[in-house]
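Data block below; observations after.
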There are 2 protein chains.
Amino acid sequence: MTYDMIFTALADPRRRNILQQIATQPMSVAQLADQHNVSRPAISQHLKILTDAGLLSVTPKGTKRIYQINRDGLEPVRAYIDGFWDDALTAFQDHIINQTKD
Amino acid sequence: MTYDMIFTALADPRRRNILQQIATQPMSVAQLADQHNVSRPAISQHLKILTDAGLLSVTPKGTKRIYQINRDGLEPVRAYIDGFWDDALTAFQDHIINQTKD
DNA sequence: ACTTACCGTAAGCCATGACTTACGATATGA
DNA sequence: TCATATCGTAAGTCATGGCTTACGGTAAGT
C-alpha cells in the first residue's frame, strides 16, 4: 500500500478500466475476462496488483471470488496531491518573499 | 495530457521525487542530475515525460533550462479520483436499493 | 571566430511488465 | 467419490521502460 504500488497500479490503462468497472459493480474474475479481450489469468494478475495496492478487496462466494472496490484505497492519492499542492504553494510564497527582498 | 500520460509519469519513483523537488524550487537539468545519482540525459528524459504529462513547464535562462511546476497539472488526477468516488458511491447506493428490494 | 557551458536526442543494453499456456488447488453438485 | 466450475500461480515470450554513452545544437564569454 505504498505510493509506488498505488501509482504503478493506476499506470496501466486496463487496470484503470477494471477498477472503474468494479466500482460500478462488484464482479468475478471470469466476468471481467469476458468483457476484456484477454485471458483469465491476465485478469487475475491485474486484480492481484490492484488488491495489493489496497484498491480492491475480495470475498469468496462458492468457487467464485467477487472483487469489490475498497473505497478508501484512493485516499492516499488525494493526500499525495494535497501535500504536493501545499509544497508548491509554500515554495511559491517563498519565491514571492525572495522577490520582494531584492 | 491524458490520464495515461499523467499516471505513467507518476508511476516512477524517481519522477515523483523530481516533481517534489521542483515543486519546492525550480531547478535546471544539471542541478537535478547532481542530486540524483544518474546521468544528465536520464534526467532530461524524465523531465520530458513529466512535461508532456503537463506537470512541468520550462523557461530557458541563457543556456540553462529552468523547470518549474505546473500548478494545475495534478488537477486531472483529483478529478479522476472524485469521479471515481462518485461512481463507487452511486453504485453503493444502487446496491443498497437492490438489497432492500429483496 | 572560437571555446565553454548546458542541454536534447539517438542508439543500444538490460531489467521490468503484460500476456499466453499449462498446471494445481478448492468448492459445489450428483 | 467423481466430475465440474472457478480460480491462483509458475514458466516462458515479447514489448516497454529506464539507463548509459555518443553526438549535435544553441547561448554566452573572450
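All chains are named by letter (A, B, ...) in the order of the sequence lines, taking the proteins before the strands, and each is independently numbered beginning at 1. Only this structure's heavy atoms are used, side chains among them; waters, hydrogens and symmetry mates stay out.
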Within this structure, what is the [atom1]-to-[atom2] distance between [X] and [N], rounded to whole angstrom?
{"X": "A:His46", "N": "C:dT20", "atom1": "NE2", "atom2": "C1'", "result": "12 Å"}
{"X": "A:Met5", "N": "C:dT16", "atom1": "CE", "atom2": "P", "result": "16 Å"}
{"X": "A:Leu56", "N": "D:dC7", "atom1": "CG", "atom2": "P", "result": "14 Å"}
{"X": "A:Arg15", "N": "C:dG17", "atom1": "CZ", "atom2": "P", "result": "9 Å"}
{"X": "A:Leu47", "N": "C:dG17", "atom1": "CG", "atom2": "C1'", "result": "16 Å"}
{"X": "B:Gln45", "N": "C:dA10", "atom1": "CD", "atom2": "P", "result": "10 Å"}
{"X": "A:Leu50", "N": "D:dG8", "atom1": "CG", "atom2": "P", "result": "12 Å"}
{"X": "B:Leu10", "N": "D:dG17", "atom1": "CG", "atom2": "P", "result": "15 Å"}

Q: Measure from the side chain of B:Ile49, starting at C-beta and using heavy atoms only, and say which of D:dG8, D:dG18, C:dA27 lies closest.
A: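 Nucleotide nearest to B:Ile49's side chain: D:dG18.
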Q.
From C-beta outward on A:Asp12, which listed nucleotide comes closest to its side chain: C:dA18, C:dC7, D:dT6?
A.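 Out of C:dA18, C:dC7, D:dT6, the nucleotide with an atom closest to A:Asp12's side chain is C:dA18.
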Q | Any residue of residues 31-42 of chain A with a heavy atom less than 4.0 Å from an atom of DNA chain C | A |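 Listed by number, they are A:Val38, A:Ser39, A:Pro41, A:Ala42.
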Closer than 3.5 angstrom, by distance alone: can the side chain of [X] be matched with the main-chain N or O of [Y] as a donor-acceptor pair?
{"X": "B:Gln21", "Y": "B:Ile18", "result": "no"}
{"X": "A:Arg14", "Y": "A:Val38", "result": "no"}
{"X": "B:Arg16", "Y": "A:Phe7", "result": "no"}
{"X": "A:Arg40", "Y": "A:Ala30", "result": "no"}

(Q) Once you apply a heavy-atom cut-off of 4.0 Å, does B:Ser28 come out as touching a base, just sugar-phosphate, or nothing? (A)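 Here B:Ser28 touches the backbone only, sparing every base.
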Would you indicate, yes or no, if [N] has its OP1 or OP2 atom less than 4.0 angstrom from a side-chain nitrogen or oxygen of [X]?
{"X": "B:Arg65", "N": "C:dC6", "result": "no"}
{"X": "B:Arg14", "N": "D:dG18", "result": "no"}
{"X": "B:Tyr67", "N": "C:dC6", "result": "no"}

Q | Salt-bridge contact A:Lys48-A:Asp52 (side-chain N to carboxylate O under 4.0 Å) | A |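 Yes, A:Lys48 and A:Asp52 are salt-bridged.
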**Q.** Side-chain touch B:Asp12/B:Ile49, heavy atoms, less than 4.5 angstrom
**A.**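 SC-SC contact between B:Asp12 and B:Ile49 ruled out.
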Could you pull out every donor-acceptor pair under 3.5 Å between side chains of residues 57-70 of chain B and any protein atom, sequence neighbours left out?
| residue | atom | partner | partner atom | Å |
| --- | --- | --- | --- | --- |
| B:Asn70 | OD1 | B:Asp72 | N | 3.3 |
| B:Asn70 | ND2 | B:Gly54 | O | 2.8 |

